[in-house]
Amino acid sequence: MNTEQSAETHCSANNCPVSTPEGNDLQKGALKRTPFSRVHTNFKSPLQVTESAKVSPTEEVAELQRRREQLDTEIAQLEAEGYRVEELEHHIDMLHEYNDIKDIGQSLLGRIAALRGTTTRDLYSHFGLELDD
């Protein structure tokens with residue numbers, strides 16, 4: 001069975017991913033790719049912007065200025081209530097540390113569960129942890 005017969009046996013004209021070699025290419029064993037029709041179409045973004053949704057740069061700047069004023073007002077209100085930026089940064093740092101520790105704990109529980117052949121849910125009750133922890 002030669003290469004041409006093999007290609008015809010395993011592929012029909014509609015579903016063969018490569019075309020059969022012709023002429024001297026057959027002797028060299030080189031195969032040519034059959035182009036897919038999707039490859040040559042225009043890209044269609046999943047985010048479709050309609051003409052009415054387009055905003056001019058002036059309107060965009062004005063909206064950003066309004067948003068900045070709103071945020072400045074919220075910051076001033078929080079500062080009036082006694083919150084400080086340094087305190088907020090400290091809380092954010094502490095939350096990052098908590099999340100890192102929690103991720104390590106989850107990873108360890110997953111490894112223990114895999115070694116014991118059980119689920120992490122079962123280990124939560126074994127170690128006295130709540131599922132919301």
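For the numbers below, each heavy atom of this structure counts, side chains included, while hydrogens, waters and symmetry mates do not. In this chain, residues are counted from 1 in sequence order. What you are looking at is a predicted structure, and each value in this text was computed from that prediction instead of being measured.
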Glu74: what forms a side chain to side chain contact (heavy atoms under 4.5 Å, CB included) with it, not counting sequence neighbours? Gln70, Leu71
Residues forming a salt bridge (charged side-chain N to carboxylate O under 4.0 Å, His left out) with Glu63, sequence neighbours excluded: Arg66
Grouping ILVMFWY residues whenever side-chain heavy atoms fall under 4.5 Å, the cluster of Leu88 otherwise contains Ile92
Starting from Leu64 and following side-chain heavy-atom contacts under 4.5 Å between hydrophobic residues (I, L, V, M, F, W, Y), which residues can be reached? none
So, taking the atom named CD in Glu89 and the one named CE in Met94, what distance separates them when rounded to the nearest 0.5 Å? 14.5 Å
With a 4.5 Å heavy-atom cut-off, do Glu79 and Val85 have their side chains touching? yes
How far does NE2 of His90 sit from CG of Leu95, to the nearest 0.5 angstrom? 10.0 Å
May I ask you to list the residues sharing a hydrophobic cluster with Ile104, side-chain cutoff 4.5 Å, ordered by chain and number? Leu108
Can you sort out the partners of Thr119 under side chain to side chain donor-acceptor pair (under 3.5 Å), two or more places apart, ordered by chain and number? Asp122
Quick one: does Glu97's side chain get under 4.5 Å of Asp93's, heavy atoms only? no
Would you give the length of the straight line joining atom NE2 of His91 to atom NE2 of His96, rounded to the nearest 0.5 angstrom? 13.5 Å
Could you give the distance from CD1 (Ile112) to CZ (Arg116), rounded to the nearest 0.5 Å? 6.0 Å
Please name all residues satisfying side chain to side chain contact (heavy atoms under 4.5 Å, CB included) with Glu69, sequence neighbours left out, ordered by chain then number. none
Heavy-atom pair with the smallest gap, counting every atom of Ala113 and Leu123: N-CD1, 3.4 Å
When Ile, Leu, Val, Met, Phe, Trp and Tyr are grouped by side-chain heavy atoms lying under 4.5 Å apart, directly or through other members, which residues fall in the same group as Leu78? Tyr83
By salt bridge (charged side-chain N to carboxylate O under 4.0 Å, His left out), which residues pair with Glu60, not counting sequence neighbours? none
Just to verify, what does Arg67 make a salt bridge (charged side-chain N to carboxylate O under 4.0 Å, His left out) with, not counting sequence neighbours? none
What pairs with Glu59 under side chain to side chain contact (heavy atoms under 4.5 Å, CB included), at least two apart in sequence or on another chain? Val55, Ser56
Taking the side chain as every heavy atom from C-beta outward, state whether Leu129 and Leu109 have any atom pair closer than 4.5 Å. yes
